Amino acid sequence: MPPDDSFTRNFEFAEAEPRIYADWEREGLFRADPEAPGDPFVIVIPPPNVTGSLHMGHALDNTLQDILTRYHRMKGDNTLWMPGTDHAGIATQAVVERALAAEGTSRAELGRERFLERVWKWKEEFGGKIIGQLKRLGSSCDWSRERFTMDPGLSRAVREVFCALYEEGLIYRGDYVTNWCPRCLTAISDIEVEHEEKDDSLYYVVYEGAGGGPSLTVATTRPETMFGDTAVAIHPDDGRYPPGDFKVRLPFSGRELPVIRDPYVEREFGTGALKVTPAHDINDFRLGERHGLPSVTCIDRRGILTDAAGPYSGMDRFEARKKIVADLGASGLLAKVEPLKHAVGVCYRCKTVIEPLLSLQWFVKTGPLASAAARSVRDGRTKLVPQSWERTFFEWMDNIRDWCVSRQLWWGHQIPAWYCSSCGKTHVLREDPEACPDCGGGLERDPDVLDTWFSSGLWPFSTLGWPDRTPELARYYPTTVLVTGFDIIFFWVARMMMMGLKVMGDVPFRTVVLHPLVRDASGQKMSKSKGNVIDPLGVIDRYGADAFRFALASQAGTARDLKISEDRVAGYSRFVNKLWNAARFAMSHLAPAAGASGGKMPQAPPASAMPLPDRWIRSRLLTVTLECRAALESFAFDRYADLAYHFVWDELCDWYLELAKPVLYGDDETARLAAAASLGLVLADTLALLHPAMPFVTEELSAKLPGQSGRLMSSPFPAGRPEDRDPDSERRIGILMDVTRSVRSARADFRVPPGAKVKPQVSANDPATAALVEEYAPLLLKLMGAESLAAAAPGAPKPRDACEAIHDWGAVWTPVAGEVDAAAEKARLEKELAAIARDIAQAESKLANPGYLAKAPEDVVEETRERLASFKAKREGAEKSLRLISGLAAGGN
RNA sequence: GGGCGGUUAACUCAGCGGCUAGAGUGCCGGCCUUACAAGCCGGGAGCCGAAGGUUCGAAUCCUUCACCGCCCACCA
């Protein structure tokens with residue numbers, strides 16, 4: 001029966017995937033309905049930057065989310081995958097500023113209002129490209145609910161939360177030393193600072209004594225900040241320095257600095273004397289607070305020295321450092337210079353060295369929020385998967401510092417704070433005011449915007465409609481699972497937990513699945529500068545989304561790195577093809593069977609009424625189905641993929657389809673139809689099993705099944721038919737596989753010509769096995785290139801020309817050309833016997849061990865007993881053969 | 001300085017107290033067998049990083065060490 005002409009030889013993914021996706025979308029299959037029944041299963045997407053395009057990290061993240069979403073949807077859960085994008089303040093603003101620069105203008109020239117118009121316009125025009133790319137991946141998000149962090153609704157949520165936290169004292173404004181990026185011209189939070197090991201110099205600078213006091217030498221890496229010094233600090237117990245108050249003179253300026261004593265100072269480092277610059281160092285700032293020191297800012301927001309730096313004013317901070325060092329040397333005030341390796345903070349975006357700067361910023365008081373978040377993980381309200389991340393999470397939450405949330409940008413949620421020019425009061429308000437509510441004076445709004453992560457911290461409830469009490473919020477919060485890379489645990493996961501617990505009074509999600517980070521094939525981080533970036537869309541173009549998704553899922557275990565290479569994807573594209581062709585084959589037999597049952601899927605008989613191969617595959621399908629479900633429930637995506645892959649390829653294709661062929665091509669019509677129906681049943685379940693990982697090809701194939709009306713994506717996920725469990729059929733198929741493999745192996749070893757038919761015999765240890773072989777011999781003949789397969793008479797000797805394969809249930813004799821070399825055969829058997837003897841010795845020693853018998857679990861001991869019996873059976877067969885062959889070797893030729 | 005990973009076949013990894021340690025890719029040999037040559041069949045390949053320890057039993061648990069990688073960090 002030739003396959004149907006419309007059934008192409010390969011899955012034409014380039015044509016099929018967009019078409020199928022459009023069908024799903026048109027049919028509204030992604031939509032969630034809060035009124036619908038079923039347990040809620042909810043995922044909120046980690047919102048990609050609206051300016052971004054799909055990279056490997058997104059591809060992995062969204063593949064896993066889609067697998068879970070599709071699985072739960074098929075299971076009948078009330079499933080919502082909530083999509084959207086992030087305004088990504090600093091990143092987006094930078095992109096638009098670059099565009100402006102190319103036009104020869106700038107943000108300053110445009111002014112705030114026109115600049116923001118430009119960003120919105122840019123967003124409408126080029127933003128959201130990534131949504132289309134997520135669709136190509138197959139993401140089954142409910143696009144009707146797509147949100148953007150700067151939507152009116154979400155902005156309202158941001159404002160509400162800001163006001164509420166302010167009213168509660170959890171948001172405050174103050175003058176502190178914050179991390180300032182002189183290039184981005186904004187403050188950034190602590191976790192946005194990266195630390196880079198750098199080879200630097202430690203300069204020993206002499207501060208001469210004032211008023212007859214002693215001189216001090218301080219050690220610093222940043223001599224250019226000396227004009228901001230307002231003290232020198234030593235350890236209170238440092239005996240190298242005289243007791244009592246004294247002062248030193250700042251080089252060049254002559255300004256007098258008090259010498260203070262504080263245990264913060266490390267006596268062992270440098271000279272044990274520390275220059276204190278409260279305006280440009282966070283530790284010095286704290287020292288200054290403790291000792292009531294003034295702050296002097298000597299470097300401005302652009303990294304340029306200020307008038308406080310006297311002759312160096314107007315110089316860049318690094319230029320100034322060189323010049324100052326040179327000048328100190330010339331004045332004999334540079335005692336020495338040592339090389340020093342230390343970590344320097346740089347901006348996570350532009351890698352510019354951070355300038356700690358005293359400035360007026362808004363902060364979130366994170367202490368109480370963080371301890372609530374940590375508690376929710378400690379008591380299991382939110383689980384981290386893999387659990388090993390908990391320690392890291394606690395580490396951070398327990399040592400968290402206040403979160404600087406103001407950014408000196410224009411693109412973002414402007415801080416809802418107004419300052420009265422008359423009475424000087426600060427007003428944080430939900431509605432824009434006309435005038436000062438207190439005195440009616442003129443108001444000026446705070447120009448700054450909020451950190452992008454402030455709004456993404458609200459994502460799990462703001463997207464569901466909060467602050468309104470929507471049906472979605474009631475039904476879908478807390479969400480079920482959050483899937484993300486571990487790189488944003490602190491940026492995002494922790495913030496959502498803090499905000500969710502504070503605002504909603506409950507955790508934002510029950511489980512956080514932290515997946516690996518995608519690397520290139522050699523484990524390197526992908527980056528444009530390294531040129532090792534693989535574009536996921538190119539991969540989809542070349543291999544299809546299904547192969548790509550499957551490759552990602554197959555590697556999504558508990559490791560930290562996921563090394564992706566095209567070879568791997570190519571490997572799974574062969575799997576897609578394999579599945580396609582297996583289905584093509586199955587369908588060519590299903591079609592006539594369906595014809596016989598009126599175009600409908602033929603009713604498959606119960607497994608127990610079927611021949612052995614069907615009973616076996618259905619038993620295996622049951623096991624694999626249950627294992628796949630267990631794997632998905634525990635987020636073991638790699639295991640799920642592996643199980644499905646091997647079931648399809650090794651069992652379904654390599655054995656079941658081959659064993660079915662003699663029947664399917666046979667003359668017995670009843671048997672043929674039954675086999676086809678059984679095949680259809682197994683195929684349908686297999687497609688459903690694979691659908692979460694490979695949605696396109698499975699949907700396409702499912703549509704070709706006879707009598708198919710609905711979509712596979714909205715069909716039930718297989719639950720497994722418990723009545724199909726059949727360990728005996730698995731054992732018996734195992735014997736038939738042994739026979740087949742033994743003959744194939746003998747043929748290959750002895751170079752039996754491909755066309756030549758052999759007449760193997762099976763010498764079974766018991767009549768039941770002999771009967772089994774005789775019964776199913778017709779199914780095996782073609783698989784092993786045999787003309788006949790017979791059970792040898794009990795006790796019959798192995799023919800001289802036969803290659804023998806020994807099993808615990810008996811032996812397979814495959815006659816090969818001429819006579820088997822007796823000496824070689826003897827050597828082989830002796831080797832085999834030695835191996836068997838080792839196995840037996842091992843098993844026996846275990847069973848003779850009282851500790852083993854007493855402590856090992858019952859089933860393990862039982863297994864060992866069975867194994868020992870099987871070894872002994874094998875040994876007996878091998879010994880018998882050896883006796884025979886020895887006789888031949890000695891007396892024969 | 002603190003913490004977390006990794007080290008298993010040529011490569012990339014799975015296995016994480018008990019089957020004779022597995023898979024994919026690659027390699028070797030043979031096949032165009034009417035679902036699939038993007039395929040089929042057969043085959044070789046590993047003192048499970050090192051050393052101790054716990055245990056009846058260790059690739060798997062503990063300790064120490066080595067190398068690789070990541071994260072956090074207020075000795076300038």
Side-chain angles (χ1 to χ4, degrees), chain A residues 1-3 7 9-10 191 195 202 218-222 225 233 264-270 273-277 281-287 340 342-343 356 388-389 391-392 395-396 399 401 486-487 489-490 517 521-523 525 551 554-555 557-565 567-568 570-589 638-639 642 645-646 653-654 657-658 661 665 741 744-749 751 753-755 782-785 835 838-839 842-843 845-846 849-857 859-861 863-864 866-867 871:
Chain A
M1 180 81 37
F7 212 143
R9 259 174 104 87
N10 302 312
I191 52 174
H195 295 269
L202 185 62
V218 302
T220 180
T221 53
R222 304 199 58 203
T225 64
Y264 165 74
V265 180
E266 292 288 332
R267 277 169 284 185
E268 284 69 41
F269 189 90
L274 169 71
K275 67 191 262 312
V276 183
T277 322
D281 185 286
I282 181 68
N283 296 303
D284 293 9
F285 179 76
R286 284 181 202 146
L287 268 175
L340 180 75
H342 74 320
S388 51
W389 283 106
R391 208 185 156 107
T392 311
E395 181 69 23
W396 196 71
N399 296 299
R401 285 199 274 153
F486 58 80
D487 53 335
I489 294 181
F490 304 136
L517 265 25
S522 56
K525 210 174 198 165
S554 75
Q555 290 180 95
T558 56
R560 289 189 170 202
D561 294 345
L562 188 161
K563 297 181 187 111
I564 192 80
S565 67
D567 285 354
R568 185 123 186 172
Y572 286 111
S573 76
R574 290 199 287 275
F575 177 56
V576 172
N577 189 245
K578 186 77 179 173
L579 179 71
W580 179 263
N581 278 288
R584 197 160 71 104
F585 168 77
M587 240 80 94
S588 71
H589 295 282
D638 53 344
R639 180 158 170 71
D642 195 58
Y645 180 93
H646 285 108
C653 291
D654 287 352
L657 294 185
E658 295 305 327
K661 277 180 187 174
Y665 288 120
R741 281 193 279 247
R744 285 171 175 170
S745 182
R747 293 182 64 115
D749 286 352
R751 316 262 156 197
K782 193 154 187 213
L783 301 187
M784 44 195 204
R838 269 198 307 278
D839 291 339
Q842 198 193 343
S845 88
K846 273 189 177 179
N849 182 337
Y852 180 73
L853 293 174
K855 293 182 187 170
D859 54 323
V860 171
V861 176
E863 225 174 83
T864 307
E866 280 168 18
R867 203 140 27 94
F871 291 149

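The analysis underlying the following values was restricted to heavy atoms, covering all of them including side chains, and did not include hydrogens, waters or symmetry mates. Throughout, protein chains are lettered first and strands after them, A, B, ... in sequence-line order, and every chain is numbered starting at 1. Predicted, not measured: the structure shown is a model, and the values here were computed from it.
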With [X] via side-chain hydrogen bond (donor to acceptor under 3.5 Å, both in side chains) - residues at least two apart:
X      : result
A:Y852 : A:T864
A:N283 : A:Y264
A:D642 : A:H646
A:N10  : A:N577

Handout entry: Results of side chain to side chain contact (heavy atoms under 4.5 Å, CB included) for A:R9 - residues two or more places apart only
Key = A:R584
Fill in the blank from the handout: Sorted by chain and residue number, the salt bridge (charged side-chain N to carboxylate O under 4.0 Å, His left out) partners of A:K661 (sequence neighbours excluded) come out as A:E658
Exercise for the section: Quick one: list whatever passes salt bridge (charged side-chain N to carboxylate O under 4.0 Å, His left out) with A:D638, sequence neighbours left out. Expected result: none
Exercise for the section: Sugar-phosphate means primed atoms, P, OP1 and OP2; the rest is base. With that split, encode nucleotides 66-73 of chain B 5' to 3' as B, S or - using protein heavy atoms under 4.0 Å. Expected result: ---B---B
Just the atom pairs and distances: protein N or O near nucleotides 40-44 of chain B's N or O, under 3.5 Å.
unit_1	atom_1	unit_2	atom_2	d
B:C40	OP1	A:K578	NZ	2.8
B:C40	OP1	A:W649	NE1	2.6
B:C41	O3'	A:R744	NH1	3.4

Practice task
Only counting residues at least two apart or in another chain, list the ones meeting ring-ring contact (aromatic ring centres under 6.0 Å, His included) with A:Y645.
Solution key: A:Y572, A:F575, A:W649
Exercise for the section: Describe the nucleic acid contact of A:R639 in one word from base, sugar-phosphate, nothing, applying a heavy-atom distance below 4.0 Å. Expected result: nothing
Protein-nucleotides 53-58 of chain B N/O pairs closer than 3.5 Å?
unit_1	atom_1	unit_2	atom_2	d
B:C56	OP1	A:K855	NZ	2.2
B:C56	O2'	A:N849	ND2	2.3

Handout entry: Secondary-structure notation, RNA chain B, from Watson-Crick and G-U pairs under 3.5 angstrom (| other strand)
Key = ((((((((.[[[[.)..(...]]]].(((((.......))))).....[[[[[..)....]]]]])))))))....
Practice task
Name the closest nucleotide to the A:N581 side chain, picking from B:A35, B:A37, B:C4.
Solution key: B:A35
